[in-house]
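In the text below, chain A, chain B and the rest are named by the order of the sequence lines, each starting its count at 1. Keep in mind the model is a prediction, meaning the values are calculated, not measured.
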Protein chains: 2
Amino acid sequence: MTKAKHETLIDRCRESGLRITGQRRVILEVLDAASDHPDVEELHRRVGEIEPGVNIATVYRTMNKLAEHDLIERHMFDDGRLRYEPAPEEHHDHFIDVETGEVIEFMSDEIERLQEEIARQHGFEIVSHKLELYVKRRKTD
Amino acid sequence: MTKAKHETLIDRCRESGLRITGQRRVILEVLDAASDHPDVEELHRRVGEIEPGVNIATVYRTMNKLAEHDLIERHMFDDGRLRYEPAPEEHHDHFIDVETGEVIEFMSDEIERLQEEIARQHGFEIVSHKLELYVKRRKTD
DNA sequence: CTTCTTATTGCAAATGATTTGCACTTGCAA
DNA sequence: TTGCAAGTGCAAATCATTTGCAATAAGAAG
């Protein structure tokens, strides 16, 4: 069952007062279906498979609009390209497999707690954070 | 005494077999003096104060060459520009003050340890990592 | 000190990702 | 169904960074 999503991106767009155009419908569909963290070029490619002719500038503009409304999250990993994922319900961090480029999500309450603690020790409070572990699979083969 | 550096960047360049040109001498001097994490434009500006006429392409090329030889570290914070610092002797992570843009270094053995542990649990080994805490000062005023 | 080789530089043009101006289209509230 | 702001396509602009090429200069060898 790929459709265990509580609320679809289209619904959330409506709630935010964004117009649902033909091209947006496709973009949102692609985003909802994506379990990875595609960049704009990849999104545009996937959109084009469903409905050709959508301009890549439209994809850029749509992603910016969605990010403004906190409906998606933007990431910039070390490849220097902006990547996106539908706004997660739970915060998480990322492994990036340096050999395959694959992005895997993870979450550690303990690390989160330590971050808060260290920030506090330095007189800061955390606004947001980014933890990326660039990894490779442990050799077992 | 600002010169408590164990080894100057110029020395390390010589050891790496890089030629010490006039423009490099200035760039390295600026880098050694920098306690922040300047981007190329800022470096170029500081170099220009000491010796005008150094081309920004030279700064880019020099930074790339230094990074190749692990004499500096490159960072890309959320502003999307490449920033540099002389290669630190000890690994550290960064606070970024979202109000001032200031970058502060910190280090936590415990977080480092936890990262290793989590990676291991997922069948990974860490190649490198990036931890950035975007923070603001705790209100005490 | 001169000579030679090759790394380095300056400049301008190229690149690659992303944004924007503008005229045209379309969602959707009234 | 109409009106208009929001959205779109397209091409040109922008911004950071890289690159080709001809000229220069470091530094090793003599």
Side-chain angles (χ1 to χ4, degrees), chain A residues 9-31 37-48 50-69 71-84 101, chain B residues 9-31 37-48 50-69 71-84 101:
Chain A
L9 266 177
I10 292 190
D11 295 335
R12 306 198 60 203
C13 277
R14 284 224 177 72
E15 286 162 26
S16 295
L18 297 177
R19 289 192 183 165
I20 310 301
T21 66
Q23 23 291 68
R24 272 194 189 165
R25 196 184 306 279
V26 180
I27 293 171
L28 297 171
E29 186 184 320
V30 166
L31 268 174
H37 298 64
D39 60 20
V40 170
E41 206 169 346
E42 174 63 15
L43 282 168
H44 183 239
R45 207 189 52 65
R46 293 183 196 176
V47 166
I50 300 176
E51 164 135 346
V54 177
N55 196 285
I56 197 167
T58 299
V59 182
Y60 273 109
R61 277 191 279 231
T62 300
M63 299 319 279
N64 287 341
K65 184 105 342 204
L66 294 178
E68 265 172 41
H69 290 262
L71 304 181
I72 57 174
E73 254 183 28
R74 306 166 59 142
H75 300 289
M76 176 117 94
F77 300 136
D78 275 356
D79 62 359
R81 306 162 73 93
L82 289 172
R83 296 159 165 279
Y84 301 91
Chain B
L9 267 177
I10 292 191
D11 294 336
R12 305 198 60 204
C13 277
R14 285 226 176 73
E15 285 163 27
S16 294
L18 296 177
R19 287 191 186 170
I20 310 302
T21 67
Q23 24 289 69
R24 270 192 192 163
R25 196 184 308 279
V26 180
I27 294 171
L28 296 172
E29 184 184 323
V30 166
L31 268 174
H37 297 63
D39 59 21
V40 170
E41 207 169 345
E42 174 62 15
L43 283 169
H44 182 239
R45 206 189 54 64
R46 294 183 196 175
V47 166
I50 300 176
E51 163 133 348
V54 176
N55 197 283
I56 197 167
T58 299
V59 182
Y60 274 108
R61 277 191 279 231
T62 300
M63 298 319 279
N64 288 342
K65 186 113 327 213
L66 294 179
E68 265 173 40
H69 290 262
L71 304 182
I72 57 175
E73 255 184 27
R74 307 167 57 141
H75 300 289
M76 176 118 92
F77 301 136
D78 275 356
D79 62 357
R81 306 163 73 94
L82 289 172
R83 295 159 165 281
Y84 300 90

field: Listed partners of A:R19 passing salt bridge (Lys or Arg N to Asp or Glu O under 4.0 Å), at least two apart
entry: none
query: Mind checking what makes salt bridge (Lys or Arg N to Asp or Glu O under 4.0 Å) contact with B:R45, not counting sequence neighbours?
result: B:E42, B:E49
message: Return whichever of B:Q23 or B:M76 has its heavy-atom-nearest nucleotide of DNA chain D closer to the 5' end.
response: B:M76
message: So, using side chain to side chain contact (heavy atoms under 4.5 Å, CB included) as the criterion, who are the partners of A:I10 when residues are at least two apart?
response: A:T8, A:R14, A:I20, A:R25, A:L28
message: Nearest whole Å is fine: how far is D:dC15 P from B:H44 NE2?
response: 17 Å
query: Counting only non-hydrogen atoms, which of residues 14-21 of chain B are less than 4.0 Å from DNA chain D?
result: B:R19, B:I20
- prompt: Can you check whether A:N55 has a side-chain N or O nearer than 4.0 Å to OP1 or OP2 of D:dT8?
  reply: no
task: Kindly write out the residues that satisfy salt bridge (Lys or Arg N to Asp or Glu O under 4.0 Å) with A:E73, not counting sequence neighbours, or none if the list is empty.
output: none
- prompt: For B:G22 and A:R74, take the nucleotide of DNA chain C holding the closest heavy atom to each; which residue's nucleotide lies nearer the 5' end?
  reply: B:G22
Terminal axis angle for the helix from C:dC1-D:dG30 to C:dA30-D:dT1, five pairs an end, nearest 10 degrees: 30°
field: Contact boundaries on DNA chain C for chain A, cut-off under 4.0 Å to non-hydrogen atoms
entry: C:dA17 to C:dC28
query: In Å, rounded to the nearest 0.5 Å, how long is the span from CG of B:L31 to CE of B:M63?
result: 4.0 Å
All side chain to side chain contact (heavy atoms under 4.5 Å, CB included) counterparts of A:E68, not counting sequence neighbours: A:K65
- prompt: Base, sugar-phosphate, or nothing for B:I56, non-hydrogen atoms under 4.0 angstrom?
  reply: nothing
For A:E51, all residues meeting salt bridge (Lys or Arg N to Asp or Glu O under 4.0 Å), sequence neighbours excluded: none
statement: Residues of residues 58-68 of chain B with a heavy atom under 4.0 Å from any atom of DNA chain D, listed by number, are B:Y60, B:R61, B:N64
query: With B:I56, which residues qualify under side chain to side chain contact (heavy atoms under 4.5 Å, CB included), at least two apart?
result: B:V40, B:H44, B:Y60
message: Taking side chain to side chain contact (heavy atoms under 4.5 Å, CB included) as the definition, give me every residue that meets it alongside A:L71, ordered by chain and number, with sequence neighbours left out.
response: A:L9, A:R12, A:C13, A:S16, A:L18, A:L66, A:H69
- prompt: Between D:dA16 atom C1' and B:D78 atom CG, what is the distance in whole Å?
  reply: 17 Å
